[in-house]
Amino acid sequence: MSELPDSYDPDSVEPKWRDNWQEMDVYEYDGDSDTDYVVDTPPPYPTGNLHIGNALGWCYMDFAARYHRLQGDDVLFPQGWDCHGLPTEVKVEENNDIHRTDVPRDEFREMCIEHTEEQIDAMKETMGTLGFSQDWNHEFKTMDPEYWGTTQRSFVEMADDDLVYRDEHPVNWCPRCETAIADAEVEAEEGIDGTLYYITFEGADEDTEDIEIATTRPELLAACVSMAVHPDDERFEDRIGDSFEVPLFGHEVELIADEESDPDFGTGAVMICTFGDKQDVTWWAEHDLDLRMVFTEDGRLNDEAGEYAGLDIEEAKAEIVDDLEDEGVLNDSEPTEQAVGQCWRCDTPIEILSKEQWFVEVDQDEILEKAQQVQWIPDHMYDRLEDWTEGMEWDWVISRQRVFATPIPSWFCADEDCDHIHIAGPDELPVKPTEEDPDVEACPECGGTDWIGETDVMDTWMDSSITPLYVRGWPEEEFEPTTLREQGHDIIRTWAFYTLLRTSAIEDEIPWEEALINGMVFGEDGNKMSKSKGNFVQPEEAVEEYSADAFRQAMALGGQPGSDIQFQWKEVKSASKFGTKIWNITRFATGHLDEEGATAEDPAYRDADEWILSRASQVADDVAEHMDEYRFDAALRELREFVWHDLADDYLELIKGRLYEGRPGERNAARKALETSLTASLRMLSPFAPFLTEEAYDAIPSTEGSVHAADWPDIDMRDEEAELAGELIADVASTVRGWKSDEGMALNAELGDIEVYPDETPERAVDTYDLSEAINGPVHVRKGEPAIELVPVEVDPDHSVIGPEFRDQAGQVVGALEGADPAEIKQQKQLDGEIEVELGEEVAVVPGEAVEVREEHRAESGEEVEVIESEHATILVYKE
RNA sequence: GGGUUCGUGGUCUAGUCGGUUAUGACGCGGCCUUUACAAGGCCGAGGUCGGUGGUUCGAAUCCGCCCGAACCCA
């Protein structure tokens, strides 16, 4: 027997176990079992801060990983880092006060790596604080050559299959970042103030009447290649095909008709520029229009814009508007609101430029076919992916004009007349084409031996979309789908989409069997967390205030996975109180358990023991079912209910008599059942509260090793009769205790004789030993009805029987029953087994079992007895 | 504008393949020092389940419409 401290101190216990676990290697993946459970963990972008939204997702993964370890699965819970990216470049430029072109590519890359390592360390620290159980032997960083070499390998494989190609095509372009970006990286910002200008285009010849168009972007006039109206728009009847002169620039454009043109916008006529928006791209392609590119990569007008060349977009807009006014072709302008596509990293409005870029082919049908084989949790998350996939218009542009990213492993033949592009072979990888030459003798087309390395790098999604492949040891190991992908619903269109695409393209497989999608975490006021709103909470704050275990439980109970959850301090607090409860139960138990008692063979269980063991068996089955379905909320709720109510409130109170004063056999049975149900509870709770349960499990003398290396409880003592008997005992005990409390009596006040009349007589004799001890009085269980007056007080019809039987008359039948004299109904039920009720002319015959008559016991006057109705029995307490 | 999800005591939440008294927590009020726990126990108040119409013997639950919120997309 050991003495535990009075109170549980998470501030010292949590760091202690964090260190111990590292040494114990309890999270190690063997890799040689056939019950793999592999998590495709998100590799977060190393911002240096693991926020509460991340924490929710990692809690879910950790619950699942820990649960599956208890189930005996060989769990791989790795952790990666999605290192590459623009924000790091910008940060490094800021920190060192340089521009990335000021230093050699490789030096700049090194600076980025160094910065990233620091950020990763900070986030790992938080992950440790929160008790996540990744196997750090399987950590990966996309900036390591081993990883980005694999990214290059995936590129090479897809290029071999013509799924990666280089072409000129309009792409989204961020003029500030000076790079192409993918559709998924463009965010539509609504309600941007703009101005709508009404501009006259003069007819190209004297017979052609002028036309007025409306545009928010006059700076694109130089790029105007056509104009469009709706074919049914009467205002432009007979004018299709007419030519007009573009103001200020003088080139001629033709009016075309297209269904997509909105007759309600402006004058009904719009100019088509290359390119103002995606609609322009569509029209340009469909109507085979000219290409007049007027923007440079840094967002200025080029020589096509004549005297306006060199101006940035805002300057050009102002000057062109002035000049249009001077020319007398600017008729009107009005404020308007517009939606503008912006770069998701820097919020700069994007432009569309036609550039030679690398693309990955998007095969929508194939992606959806694979996505349908994945089990999405909750189901409807699949719909989001489907919507996005079906709306994909362009192939995925994967080249970026940056530095800190995976190099595209290709070279251009240096001969000006030769357009051969060499893509690296698998054996050359990883390779930096800007520093190394390809592993070929000469250009197969022109025989040249000089090469120019590709300076473009890959979209970081090229790295992160191969995590399942990487985690599974691809390409050396044969790929098998991972078990679980956990991620937020906000990145279904990116991460989930790209991963499905790539795994399918490379291995013709699904990346994961299950996709568990978490919701967002909102602040306590129900709004999105933001520092300016003052509702921002860092996971560490909750740990500091309460504990990591409490925080984790609050995350589990916030709502069912998939739904957004509101962070609630009160949930953390109540979880922490539950922790205290567990601690106190453990403290009590360890005072009574020793290795011998708890391992007693063939214990002489009493009803209460069999009851709690049966309940524990049931709970283990139920909770496993919830955990298998990722219903962490339901699992933890049921566990709390069981531990608090059944184990602590009822069972512990019932066995105190035996533990303190029982004979050895009786005492050992109680000890054994207590040990079994408590250690089972701790194991089941360990995924949610890993620190507390470990400390408690460790304190129990009969246990060995870590709770996290234990097995899921396999008690298998379901026994319906024992449950009925136990429920009756617990019910009577807590009812009598409640009654004492109401009466203002001390809870250990001695009572006179107690007679228990169960509502349903149990099959076997009820064991009153524990009950007598718990309520401090001799208990006699009697059959039949107590010898006191029983008064029928209420008729309670069973709707589920009467409803189907009497259909549209059910309402009347129920009404008649409820209105009748309870005593008479009772008599009919007893004598005839059925009840006749009058419904106007008719008489309805109701089966007796469909009607319950509630009765109350009334002690006859002068009797020194108290009558208490409990849920399962009538209890008579005789006064001493 | 399209799609998805959601609306349950003051707050958060469970229940939602129809069935008798709608779950738990926090908060609130009252009572109680009992050999694990006052960071506890017991009791209580508090809900026309967003509104409305329908299906049904019966609707928080199924269907239609409306209102409101969140997210994704245009």
Side-chain angles (χ1 to χ4, degrees), chain A residues 4 6-8 183-184 186-188 190 278-279 339 341 378-388 390-391 393 488-493 519-520 522 524-528 546 553-554 557-560 562-592 631 633-634 636-638 640-641 644-645 648-649 652-653 656-657 659-661 734-735 737-749 774 776 796-814 818 850-852 854:
Chain A
L4 296 192
D6 282 353
S7 61
Y8 175 77
D183 279 0
V186 176
E187 300 212 315
E190 315 226 355
K278 276 194 162 182
Q279 182 62 61
D379 287 339
H380 65 82
M381 291 298 177
Y382 166 77
D383 298 338
R384 297 212 176 190
L385 182 97
E386 190 179 77
D387 279 356
W388 173 254
E390 286 175 348
E393 289 177 1
H489 63 59
D490 52 333
I491 49 174
I492 288 177
R493 68 193 170 114
M520 304 288 106
F522 294 112
E524 208 157 22
D525 57 0
N527 294 308
K528 229 177 204 171
Y546 295 100
Q553 290 180 62
L557 289 171
Q560 47 180 288
S563 55
D564 294 335
I565 74 165
Q566 214 163 312
F567 178 80
Q568 299 276 318
W569 277 109
K570 65 182 193 190
E571 287 292 350
V572 188
K573 185 180 175 184
S574 88
S576 142
K577 283 164 101 169
F578 177 58
T580 305
K581 192 81 191 174
I582 293 170
W583 184 248
N584 284 315
I585 296 167
T586 307
R587 217 154 57 84
F588 170 79
T590 52
H592 293 279
R631 282 300 304 267
D633 59 322
L636 183 52
R637 228 190 336 267
E638 180 156 352
R640 268 201 199 186
E641 192 82 356
W644 206 311
H645 191 253
D649 288 349
L652 247 49
E653 294 303 332
K656 275 179 183 169
L659 288 176
Y660 285 109
E661 289 153 35
S734 71
T735 303
R737 291 165 68 82
W739 170 76
K740 282 185 179 176
S741 174
D742 285 348
E743 295 294 306
M745 297 162 77
L747 288 182
N748 58 356
N776 311 91
D796 190 8
D798 185 343
H799 294 234
S800 66
V801 175
I802 293 171
E805 176 108 13
F806 294 95
R807 313 297 295 177
D808 55 344
Q809 286 181 311
Q812 285 177 277
V813 173
V814 167
E818 285 174 347
V851 182
E852 206 60 39
R854 205 170 65 76

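Chain letters run A, B, ... following the sequence lines, proteins first, then strands; residues in each count from 1. Note that these values count all heavy atoms, side chains included, but never hydrogens, waters or copies made by symmetry.
A:Asp649 comes within contact range of the sugar-phosphate backbone alone, with a heavy-atom separation under 4.0 Å but no base atom that close. Contact annotation for A:Pro797: base contact, defined as any heavy-atom pair under 4.0 Å involving a base atom. At the heavy-atom level, A:Ala575 lies nowhere under 4.0 Å from the strands shown. Residue contacts for A:Phe806: at a heavy-atom cut-off of 4.0 Å it reaches no nucleic acid atom on any strand shown. Contacts of A:Arg737 with the nucleic acid, taken as non-hydrogen atoms under 4.0 Å apart, include base atoms. Nucleic acid contact for A:Lys573: sugar-phosphate only, since backbone atoms but no base atoms lie under 4.0 Å from a heavy atom of the residue. Among the heavy atoms of the strands lying under 4.0 Å from A:Asp798 is at least one base atom, whether or not backbone atoms are also near. Contacts of A:Gly391 with the nucleic acid, taken as non-hydrogen atoms under 4.0 Å apart, are absent. A:Gly579 comes within contact range of no nucleotide atom at all, as no heavy-atom separation falls under 4.0 Å. Contacts of A:Leu652 with the nucleic acid, taken as non-hydrogen atoms under 4.0 Å apart, include base atoms. At a threshold of 4.0 angstrom between heavy atoms, the contacts of A:Asp808 are confined to the sugar-phosphate backbone, with no base atom among them.
Taking every side-chain heavy atom of A:His799 into account, B:G19 is the closest of B:C26, B:C73, B:G19. Closest to the side chain of A:Lys570, out of B:G19, B:A36, B:A25, is B:A25. In this structure, the nucleotide among B:C71, B:A36, B:C57 sitting nearest to the side chain of A:Ile585 is B:A36. Taking only side-chain atoms of A:Asp383, from C-beta outward, the nucleotide of B:C72, B:G19, B:U4 with the closest atom is B:U4. The A:Asp387 side chain lies nearest to B:G3 when the options are B:C57, B:G3, B:A36. For A:Gln568, whose side chain is taken as the heavy atoms from C-beta onward, the closest listed nucleotide among B:A36, B:C12, B:C71 is B:C12. When distances run from any side-chain atom of A:Trp388 to the nucleotides B:U56, B:C73, B:A36, the shortest one goes to B:C73. The side chain of A:Arg587 approaches B:A36 more closely than any other nucleotide in the set B:C12, B:C57, B:A36. Considering only side-chain atoms of A:Thr580, the nucleotide from B:C12, B:U34, B:A39 that sits closest is B:A39. When each of B:U13, B:C12, B:A70 is scored by its nearest atom to the side-chain atoms of A:Phe522, the top-ranked nucleotide is B:A70.
Heavy-atom minimum distance, A:Gln553 versus A:Phe578: OE1-CD2, 3.4 Å. Closest approach of A:Val572 to A:Ala554, counting heavy atoms only: CG2-CB, 3.7 Å. In this structure, A:Gly519 and A:Asp564 approach most closely via the heavy-atom pair CA-OD1, 3.3 Å.
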Steps toward side-chain contact (heavy atoms from CB on, under 4.5 Å) verdict (A:Leu557, A:Gln568): CA-CA 10 Å; A:Leu557 289 171; A:Gln568 299 276 318; over 6 Å; no
Derivation and outcome, side-chain contact (heavy atoms from CB on, under 4.5 Å), residues A:His489 and A:Met381: CA-CA 7 Å; A:His489 63 59; A:Met381 291 298 177; 3.8 Å; yes
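With rounding to whole Å, A:Leu659 atom CG is found 20 Å from B:U34 atom P. One atom, CD1 of A:Ile565, and another, P of B:U5, lie 20 Å apart when rounded to the nearest Å. Put simply, NE2 on A:His592 is 8 Å from C1' on B:A36, counting in whole angstrom units. Following rounding to the nearest Å, A:His489 (NE2) and B:C73 (P) show an atom-to-atom distance of 11 Å. Atom CZ of A:Phe578 and atom P of B:G40 are 13 Å apart (whole Å). Counting to the nearest Å, the C1' atom of B:C6 and the CD atom of A:Gln566 are 13 Å from each other. Rounded to whole angstrom, the span from the CZ atom of A:Arg637 across to the P atom of B:A14 amounts to 7 Å.
Checked for salt-bridge contact, A:Asp387 and A:Arg493 miss the test: no charged N lies under 4.0 Å from a carboxylate O.
Side chains of A:Val814 and A:Phe806 form no contact here, defined as non-hydrogen atoms less than 4.5 Å apart. Two residues are said to be in side-chain contact when any heavy atoms from C-beta on lie closer than 4.5 Å; A:Glu805 and A:Val813 fail this criterion. No side-chain heavy atom of A:Trp388 sits less than 4.5 Å from a side-chain heavy atom of A:Ile492.
An OP1 or OP2 oxygen of B:C37 is reached within less than 4.0 angstrom by no side-chain nitrogen or oxygen of A:Lys577. Contact between the side-chain N/O atoms of A:Gln560 and the OP1/OP2 oxygens of B:G15 is found at a separation under 4.0 Å. Put simply, A:Lys581 has a side-chain N or O that comes within less than 4.0 Å of OP1 or OP2 on B:G41. At least one side-chain nitrogen or oxygen of A:Arg631 sits closer than 4.0 Å to the OP1 or OP2 atom of B:G15. Distances shorter than 4.0 Å separate some side-chain N or O of A:Trp644 from OP1 or OP2 on B:G41. Between A:Arg384 and B:C73 there is no side-chain polar atom (N or O) within less than 4.0 angstrom of OP1 or OP2.
Distance check on atom P: B:G18 versus B:C63 gives 12 Å, rounded to whole Å. B:U35 and B:G10: their P atoms are spaced 40 Å apart (whole Å). Rounded to the nearest Å, the gap between the P atom of B:G58 and that of B:U48 is 23 Å. Taking atom C1' on both B:G54 and B:U13, the two are 30 Å apart, rounded to the nearest angstrom. Here, B:G29 and B:A45 have their P atoms 16 Å apart, quoted to the whole Å. Taking atom C1' on both nucleotides, B:C65 is separated from B:G9 by 28 Å, rounded to a whole Å. One P atom belongs to B:G7, the other to B:A14, and the distance between them is 8 Å to the nearest Å. Spacing between B:G40 and B:U8 at atom C1', rounded to whole Å, works out to 30 Å.
Checking A:Met381 against A:Thr586, the closest nucleotide of RNA chain B that is more toward the 5' end is the one next to A:Met381. Looking at which nucleotide of RNA chain B each of A:Pro804 and A:Glu524 is closest to, the 5′-most match is held by A:Glu524.
Base pairing annotation: B:G40 forms a Watson-Crick or G-U wobble pair with B:C32, both donor-acceptor distances under 3.5 Å. Figure legend. B:A60 is base-paired to no nucleotide; pairs are counted as Watson-Crick or G-U wobble with both atom distances under 3.5 Å. Both distances falling under 3.5 Å, in either a Watson-Crick or a G-U wobble arrangement, occur for no nucleotide opposite B:A14. If you check B:G46 for Watson-Crick or wobble pairing at under 3.5 angstrom, you find it has no partner at all. With both pairing distances under 3.5 Å, B:A22 is matched to nothing as a Watson-Crick or G-U wobble pair. Base pairing of B:C65 is made with B:G51, judged by Watson-Crick or G-U wobble geometry with both donor-acceptor distances under 3.5 Å.
With rounding to the nearest 0.5 angstrom, the CZ atom of A:Arg631 is 12.0 Å from the CD atom of A:Glu638.
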